[in-house]
2 protein chains.
Amino acid sequence: MKDVVGSPGTRGGLALRVSQFVCALGSLAAMGSSYGFSNYSAFCYLAFQMTLQLIWSFILICIDVHSLKTNWDLHSTGNLWKYVIGDWLLAMGTMAAASSSTGVAILLETDVNFCRVYPYLSCSRYKVSVILASMAWSFMAASAGSTFWLLVSLSE
Amino acid sequence: MKDVVGSPGTRGGLALRVSQFVCALGSLAAMGSSYGFSNYSAFCYLAFQMTLQLIWSFILICIDVHSLKTNWDLHSTGNLWKYVIGDWLLAMGTMAAASSSTGVAILLETDVNFCRVYPYLSCSRYKVSVILASMAWSFMAASAGSTFWLLVSLSE
């Protein structure tokens with residue numbers, strides 16, 4: 001079994017998945033508990049994307065734990081393709097959600113001063129949620145990159 | 001010379017670069033001619049990113065035309081790495097700019113109804129600019145993908 005740091009079925013891979021799960025959970029919790037987030041399309045999209053990310057990471061954590069316990073080899077090419085496609089699609093979606101929410105959060109905070117004018121808006125929670133979503137994206141990108149690298153090195 | 005559709009120094013690659021250049025130019029023109037875009041951080045970032053994209057695409061158009069005229073082979077591994085890194089960095093930046101601007105444009109148009117309340121805002125131009133930037137991104141992603149594919153197939 002070829003080892004690339006962070007690929008499926010390794011301790012590094014499991015750590016990346018757990019980090020994604022925790023960041024997505026934190027981002028979703030911060031967004032869900034903030035006042036009036038559902039008035040902003042970008043924040044709704046972020047919440048939807050973080051839910052997808054949670055489900056995907058949770059399934060892969062279960063598979064990784066099972067694979068580490070039973071020494072089940074996840075590194076067949078057909079299996080890796082599924083990981084790569086899923087990771088890339090989700091990573092693109094998460095990046096789009098994180099960027100658009102960052103744009104909206106900066107707009108509310110700086111450009112139109114809504115945070116000062118309407119103090120009941122939970123601007124600090126929006127910020128925490130956006131930062132955690134960006135962190136979830138970076139862990140996702142690391143997973144996607146290392147799985148893709150493994151796929152390329154296996155097909156050589 | 002190995003041929004991958006859309007890679008540097010081919011007709012397809014030149015067509016992709018010209019498309020990027022035209023879309024970035026259109027996006028920048030629509031944004032630059034719209035009223036009050038500089039009040040919104042996301043739109044300023046989009047304008048900055050489209051300027052970078054214009055310069056990058058213009059340089060690569062010149063190199064591609066020269067390479068097609070003189071049959072200069074651009075497909076050395078060292079050269080391709082520069083293309084891939086530049087393309088990926090710019091593609092990520094363009095995607096972030098396009099998504100954040102989309103978030104802000106949707107917010108202005110739908111969520112807070114600024115477009116109806118302040119009719120002097122050029123909302124339709126913001127929309128055109130954002131759509132063209134997303135198109136520029138998709139052409140950029142095609143270029144980055146095909147160059148990366150060529151790099152992988154060359155190193156095998």
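Letters A, B, ... are given to chains in the order of the sequence lines, protein chains preceding strands, and every chain is numbered from 1.
- With values rounded to the nearest 0.5 angstrom, B:N71 atom CG is found 11.0 Å from B:H66 atom NE2.
- No chain of hydrophobic side-chain contacts below 4.5 Å, direct or via other Ile, Leu, Val, Met, Phe, Trp or Tyr residues, connects A:I61 to A:I55.
- Chain A is approached within less than 4.5 Å, heavy atom to heavy atom, by no residue from residues 126-133 of chain B.
- Contacts of B:S101 classified as side-chain hydrogen bond (donor to acceptor under 3.5 Å, both in side chains), with partners at least two apart in sequence or in another chain: none.
- Side-chain atoms of B:S57 come within 3.5 Å of backbone N or O of B:Q53 as a donor-acceptor pair.
- Applying a 4.5 Å heavy-atom cutoff, the residues of residues 109-120 of chain B that approach chain A are B:D111, B:V112, B:F114.
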Test log, rule side-chain contact (heavy atoms from CB on, under 4.5 Å), inputs A:Y40 and A:L121: CA-CA 12 Å; A:Y40 303 104; A:L121 284 178; 3.9 Å; yes
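- Of the inter-residue distances, the one linking A:T10 atom OG1 with A:L150 atom CG reads 9.0 Å to the nearest 0.5 angstrom.
- Proximity to chain B involves both the backbone and the side chain of A:S41, based on heavy atoms less than 4.5 angstrom apart.
- Taking CZ of B:F37 as the start and CE of B:M31 as the end, the distance is 7.0 Å to the nearest 0.5 Å.
- Between B:L108 and B:F43 the shortest side-chain heavy-atom distance falls below 4.5 Å.
- The structure places CZ of A:R17 at 7.0 Å from CH2 of A:W56, a figure rounded to the nearest 0.5 Å.
- Atom CG of A:D64 sits about 10.0 Å away from atom CH2 of A:W72, to the nearest 0.5 Å.
- Proximity of a side-chain donor or acceptor of B:S7 to a complementary backbone N or O of B:S146 within less than 3.5 Å is not detected.
- In this structure, the side chain of B:T147 does not engage the main chain of B:V84 through any donor-acceptor pair within 3.5 Å.
- Contact residues of residues 85-100 of chain A toward chain B are A:W88, A:M92, A:M95, A:A96, A:S99, A:S100 (heavy-atom distance under 4.5 Å).
- Atom OG in A:S27 sits 10.5 Å away from atom CD in A:Q49 (nearest 0.5 Å).
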